[in-house]
Amino acid sequence: MPKVSIIGAGSVEFTRNVVTDLCSFPELHGSLELSLHDVDPDRLRYAESLVRRIDEQSGSGAVVSADLDRAAAVEGSDYVLNEIQVGGYAATRTDFDVPARYGVRQTISDTIGIGGIFRGLRTIPVLLDIGEDLARVAPDAYLLSYSNPMAMLPWAVYAGTPFQRVVGLCHSVRDTHRLLADLVDVPLAEVDFTTAGFNHQAFVLRFEHQGVDLYPRLREVVEADPELQRRVRVEIFRRFGYFPTESSEHSAEYVPWIMRHDDQVEQFRVPVGEYLTRSERNMAEYESTRTALEAADTLDLTPTSELASEIIHAHQTGEPAEVYVNIRNEGRIEGLPDDCCVEVPALVDAEGLHPRAVGAMPPQLTALNRTFLNVVELTVKAVLEGDRRHVYQAALLDPNTAATLTTAQTVEMCDELFAAHGSLIPDALRG
């Protein structure tokens, strides 16, 4: 009976999607143990009610439990799924509001950028605690982590704890592959892709149909469509030659050329503050789902093929699946440090997870990744070494922040964010 534990189970969309997937697999009926944890007692009660309802409607026969004690919840797990957001909506609001007063625009604010840095400072210590728990009570588990900043969190776990079986999961590669297949009007199943880089800044290196390169066709489609050219990711493709995996709203804040300029924000239709709107929608969805549970309404349970579900299914059944994972580099992408966390393809089968080496990327892509890596590496080191100077340095090297502020303004903004986040920031960094 494989034990699947969910940390941050009060997350509305994630828990519902993953559990619906797992309970939809006939091969796993009668053999699942689902253990739930959340720091919020009300949300944990909701999550338990939701999971029991999904189990009942699907007839999966799962064993369901919930525990406010994280170590107890994950003990003996085979898979631990992480979807925490430290500080919730209030902390995210701070990540937007304080920089906005300095003129720093952001869209999602969860990966790099000043918001990504401070989300990392809040979240890395919790992931370190989770890694320590797993090393002690579930050393053979896979930690399948969805939380952002993705490039920072697995790196911190394997650098700062004895636990090494941590894998970051994100939808962006899969969604990009689907988009590209649609743009060139070729069935997705017939397209051969190889994609690699950092989470939210990976690039499609191979894009082929029956051995024929599809990039020339994509360039024709782009050049014929002025509206398509008004996307940041398309502009990056046109200038750097390979299509990036992240959406335009994300990509805009990872580079120095867009967010500072009013005309560029308008030209590329950049939705400033987009994540706040998404967060408010998620909170509304939480309330509507809770209402449906309390009314004993039948839930709409449509499997979504979540990446964690695909990994668990492939590992348990031995039916191989290819997924994209974020994992320690160890030479899989040449030209990037071995200890950084990269996004690469992996095969999952009954023996486990087998990440694939992709070799060297074109030099212009490695150069872009290095500007991303600067921010990620210094933020991870700030927490692991307890060095506040690295936070300032990460912010000073961040492309969007550096294009907007002076050095003195950047340091002042960081100090204001330290004060605003208070106890959510590690003691060693609060000064």
Side-chain angles (χ1 to χ4, degrees), residues 85-124 148-149 151-152 200-201 232 246-280 368 371-383 387-426 428-431:
Q85 184 177 348
V86 178
Y89 177 76
T92 298
R93 183 92 235 182
T94 298
D95 286 341
F96 276 89
D97 289 349
V98 171
R101 290 199 291 272
Y102 287 81
V104 177
R105 294 167 168 150
Q106 298 176 97
T107 55
I108 307 297
S109 186
D110 70 354
T111 297
I112 61 171
I114 191 65
I117 292 168
F118 275 83
R119 182 179 286 233
L121 300 182
R122 298 193 302 273
T123 311
I124 288 171
N148 283 315
M152 297 182 193
H200 292 175
Q201 200 188 64
V232 175
E246 194 43 63
S247 62
S248 291
E249 56 267 27
H250 261 307
S251 295
E253 58 185 355
Y254 305 157
V255 295
W257 314 298
I258 308 294
M259 301 296 288
R260 185 183 184 279
H261 306 285
D262 293 346
D263 62 331
Q264 298 298 287
V265 169
E266 180 180 358
Q267 177 180 338
F268 292 109
R269 297 173 290 189
V270 178
V272 176
E274 168 68 15
Y275 192 71
L276 296 176
T277 302
R278 294 185 190 182
S279 298
E280 288 155 9
L368 268 176
T371 65
F372 191 109
L373 175 67
N374 293 335
V375 181
V376 171
E377 181 172 24
L378 285 166
T379 305
V380 171
K381 287 184 178 295
V383 178
D387 191 337
R388 183 169 170 139
R389 293 172 300 176
H390 287 328
V391 179
Y392 299 135
Q393 292 156 0
L396 289 166
L397 290 170
D398 173 68
N400 182 39
T401 305
T404 308
L405 302 182
T406 66
T407 56
Q409 289 169 331
T410 299
V411 171
E412 183 182 348
M413 178 179 62
C414 288
D415 287 341
E416 188 171 340
L417 282 163
F418 278 122
H421 284 303
S423 61
L424 294 176
I425 302 296
L429 299 178
R430 278 191 276 158

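Values reported hereafter were calculated over all heavy atoms of this structure, with side chains retained and with hydrogens, waters and symmetry mates removed. Sequential numbering from 1 along the given sequence is applied to the chain's residues.
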Q.
Please determine whether the number of non-hydrogen atoms from other residues, nucleotides or ligands lying under 6.0 Å from atom CZ of R269 exceeds 12.
A.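 Yes - once you tally the heavy atoms of other residues, nucleotides and ligands closer than 6.0 Å, there are more than 12.
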Q. Is there any salt bridge (Lys or Arg N to Asp or Glu O under 4.0 Å) pair reaching into residues 249-258, and which pairs are they, with sequence neighbours excluded?
A. E249-R278
Q: Assign the ring pair F418 / Y392 to parallel, tilted or perpendicular, where the plane angle (0 to 90°) is split at 30° and 60°.
A: perpendicular
Looking only at heavy atoms, which two atoms of [X] and [Y] are closest? And how far apart?
X    : Y    : result
A403 : P256 : CB-O, 3.5 Å
A382 : L429 : O-CD2, 3.4 Å
G113 : D398 : N-OD1, 2.9 Å
Q201 : L368 : OE1-O, 3.1 Å
H200 : Y254 : ND1-OH, 3.1 Å
P149 : G116 : CG-O, 3.8 Å

(Q) I'd like to know whether M413 forms a side-chain contact (heavy atoms from CB on, under 4.5 Å) with R101, so could you lay out the CA-CA distance, the side-chain angles of the two residues, the decisive distance to 0.1 Å, and finally the verdict. (A) CA-CA 9 Å; M413 178 179 62; R101 290 199 291 272; over 6 Å; no
(Q) Apply side-chain contact (heavy atoms from CB on, under 4.5 Å) to residues M152 and V383 and explain how you reach the verdict. (A) CA-CA 11 Å; M152 297 182 193; V383 178; over 6 Å; no
**Q.** R122 vs I425, side-chain contact (heavy atoms from CB on, under 4.5 Å): CA-CA, chis, key distance, verdict
**A.** CA-CA 5 Å; R122 298 193 302 273; I425 302 296; 4.2 Å; yes
What is the distance from atom [atom1] of [X] to atom [atom2] of [Y], rounded to the nearest 0.5 Å?
X    : Y    : atom1 : atom2 : result
R430 : L121 : CZ    : CG    : 12.0 Å
L378 : I112 : CG    : CD1   : 12.0 Å
D95  : L417 : CG    : CG    : 6.5 Å
T111 : I117 : OG1   : CD1   : 11.5 Å
T401 : L396 : OG1   : CG    : 9.0 Å
I258 : T107 : CD1   : OG1   : 11.0 Å

Q: Have a look at R105 and tell me which of H261, M259, R260 forms a side-chain contact (heavy atoms from CB on, under 4.5 Å) with it.
A: M259
Q. Do H250 and D110 pass the side-chain contact (heavy atoms from CB on, under 4.5 Å) test, and can you show the C-alpha distance, the side-chain angles, and the key distance before you say yes or no?
A. CA-CA 9 Å; H250 261 307; D110 70 354; 3.1 Å; yes
Q: Taking the side chain as every heavy atom from C-beta outward, state whether F118 and V391 have any pair of such atoms under 4.5 Å apart.
A: yes
Q | Within-4.5 Å side-chain heavy-atom neighbours: V232 and Q264 | A | no
